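Every chain is numbered from 1, with letters handed out A, B, ... down the list of sequences. For clarity, every value in this text was computed on a predicted model and none was experimentally measured.
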Number of protein chains: 2
Amino acid sequence: MPGMATQTPLAAVEPLKVACASCNLRELCLPVGLNAGELDQLDGLVGKRRPVPRGEHLFRNGERFEALYAVRTGFFKTCVGSEDGRDQVTGFQMAGELLGLDGISSDHHHCDAIALEDSSVCVIPYAQLEELSRDFTVLQHQFHKIMSREIVRDHGVMLLLGNMRADERLAAFLLNLTQRLQARGFSPSSLVLRMTREEIGSYLGLKLETVSRTFSKFQDDGLMEVKQRQLRILDQAGLQAIVNNSRC
Amino acid sequence: MPGMATQTPLAAVEPLKVACASCNLRELCLPVGLNAGELDQLDGLVGKRRPVPRGEHLFRNGERFEALYAVRTGFFKTCVGSEDGRDQVTGFQMAGELLGLDGISSDHHHCDAIALEDSSVCVIPYAQLEELSRDFTVLQHQFHKIMSREIVRDHGVMLLLGNMRADERLAAFLLNLTQRLQARGFSPSSLVLRMTREEIGSYLGLKLETVSRTFSKFQDDGLMEVKQRQLRILDQAGLQAIVNNSRC
DNA sequence: CGCCGTTTTGACTCGGTTCAATGCACGTGG
DNA sequence: CCACGTGCATTGAACCGAGTCAAAACGGCG
């Protein structure tokens with residue numbers, strides 16, 4: 001599988017049990033700012049890891065909410081659906097990001113979380129997290145920050161969906177994706193998409209054909225190379241310019 | 001001011017100091033589930049009320065985050081803006097709803113909050129709220145629920161912006177608005193809008209002309225009466241049907 | 001009264017959807 | 001090993017919903 005090489009520089013097959021203290025996602029995940037003793041306690045709480053094969057649900061809309069999940073390896077999407085068949089991808093989650101925050105509101109999940117490749121998550125029982133965060137103010141604050149960050153992210157997506165044209169949306173999406181990959185030690189210019197054109201389209205409020213056409217246009221304009229899901233960003237500044245300028 | 005009558009059945013000019021325990025928004029706001037002693041403590045925390053005249057900012061994007069605000073009376077909008085001039089209304093807040101949650105993520109506000117009519121808010125210093133919620137698990141849980149509910153709401157808006165047509169968006173907006181007004185003891189069928197067509201359009205990802213036209217269409221179809229900002233819902237089920245059916 | 005912000009309405013344009021055909025990569029079984 | 005099937009991606013052509021531009025009407029207020 002040479003195509004995946006650019007996105008798997010870190011441990012290939014890691015042991016099932018990795019303490020938060022020695023987890024390479026420590027600085028992106030819930031434990032930010034915790035000292036050694038606190039990390040130990042958090043470890044006691046995060047008892048289980050859970051593998052989620054590609055295409056499988058981590059949880060479904062309507063299921064009872066009991067735990068949050070931290071992505072350890074792999075890649076997920078979350079989607080909400082309405083009574084009539086429509087559904088909307090609300091986000092893509094990669095290593096270190098938290099899934100399930102929507103479930104707190106009513107003790108039931110409000111979206112589906114689906115693995116886009118073979119993945120694994122750390123299970124964080126929510127009742128215990130609340131308990132522990134009463135003792136560790138740093139953990140409490142970090143948790144609140146993560147929830148707040150999700151709200152800020154959502155507002156950014158609203159801006160994108162409400163105001164931007166197709167090319168602006170896709171450019172913003174690509175920049176966001178590469179930035180997050182870069183924060184995890186991957187190349188900011190070369191990446192392999194884990195999702196289909198249709199899933200990108202659903203997230204961006206576009207049809208898959210529009211996504212495809214816009215990729216082609218970016219390629220024609222020399223901004224990037226597109227070979228199916230294998231992408232190479234050639235002109236990051238050019239993409240940024242598309243996002244910034246409403247008219248040009 | 002006869003036009004406002006339908007939306008001011010409760011206390012006209014209330015005293016500046018109202019304890020959470022005797023606040024009529026108790027069941028919609030942060031204090032849900034707290035006992036008498038806990039309410040007292042929360043009251044100690046929520047020291048100040050702050051009036052916000054129509055058109056004024058409660059807070060601005062970039063300002064230091066120090067407190068959350070509970071709407072006591074009046075009506076607000078929140079909006080985010082991008083570098084280039086675009087901006088997007090991310091929500092409308094009425095009595096009992098919390099403002100400022102986005103600020104937790106980085107100690108700075110990420111949006112503007114603006115009063116759409118003369119309003120007042122309860123100031124909830126955030127550091128003290130974190131502290132108090134370490135002692136009162138009910139308060140802690142209620143606060144988490146409120147944040148989570150905002151995330152769920154945002155995902156609903158994404159679905160709306162990503163998948164729905166103009167008439168579906170406006171119908172969904174009207175139903176949401178009347179439902180929230182009803183929860184506060186107002187008529188579910190008669191209401192006065194506090195925002196302009198442009199603000200509605202910004203929230204729904206539409207231009208003001210489209211909002212206006214769609215109102216006119218709903219009126220022609222006998223679903224509602226529209227006299228400028230004075231609305232009367234004649235066929236709630238009809239609006240619901242528009243939201244549910246993607247094609248009809 | 002006359003101004004001004006807001007709303008309504010009309011005519012035209014255009015970006016993105018829809019429908020449809022073709023191409024590409026990959027796995028599976030003959 | 002190649003033929004075939006399947007899912008995903010690309011591309012084209014026609015169409016349509018919402019945007020744009022412009023003008024007129026409404027309502028509130030100095």
From the options [options], select the nucleotide whose nearest atom is closest to the side chain of [X].
| X | options | answer |
| --- | --- | --- |
| S212(B) | dG19(D), dT8(C), dG15(C) | dT8(C) |
| R197(A) | dG16(C), dT7(C), dA9(D) | dA9(D) |
| E209(B) | dT9(C), dT18(C), dT7(C) | dT9(C) |

Which part of the nucleic acid does [X] contact within heavy-atom distance under 4.0 Å: base, sugar-phosphate only, or nothing?
| X | answer |
| --- | --- |
| L206(B) | sugar-phosphate |
| T196(A) | sugar-phosphate |
| G201(A) | nothing |

To the nearest angstrom, how far is [X] atom [atom1] from [N] atom [atom2]?
| X | N | atom1 | atom2 | answer |
| --- | --- | --- | --- | --- |
| R54(A) | dC8(D) | CZ | P | 8 Å |
| K207(B) | dT6(C) | NZ | C1' | 16 Å |
| L204(B) | dA18(D) | CG | P | 12 Å |
| L170(A) | dG15(C) | CG | C1' | 15 Å |
| M164(A) | dA18(D) | CE | P | 21 Å |
| Q228(A) | dG7(D) | CD | P | 16 Å |
| N163(B) | dG17(D) | CG | P | 17 Å |
| E199(A) | dG7(D) | CD | C1' | 12 Å |

Side-chain donor/acceptor of R213(B) to base of dG19(D), under 3.5 Å: no

Derivation of the ring pair (Phe, Tyr, Trp, His ring centres under 6.0 Å) call for H109(A) and F65(A): CA-CA 6 Å; H109(A) 288 289; F65(A) 166 74; 5.4 Å; yes

Heavy atoms from other residues, nucleotides or ligands near CD of Q219(A) exceed 12 (cutoff 6.0 Å): yes

Carboxylate-amine/guanidinium contact R184(A) E97(A), below 4.0 Å: yes

Side-chain donor-acceptor pair present, S119(B), T73(B), cut-off under 3.5 Å: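 Side-chain D/A pair, S119(B) to T73(B): absent.
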
Short side-chain N/O contact to dT7(C) OP1/OP2 from R229(B), under 4.0 Å: yes

OP1 or OP2 of dT10(D) under 4.0 Å from side-chain N/O of S216(A):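 Answer is no, no contact under 4.0 Å.
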
Validation row, ring centre Y203(B) to ring centre F92(B) under 6.0 Å: yes

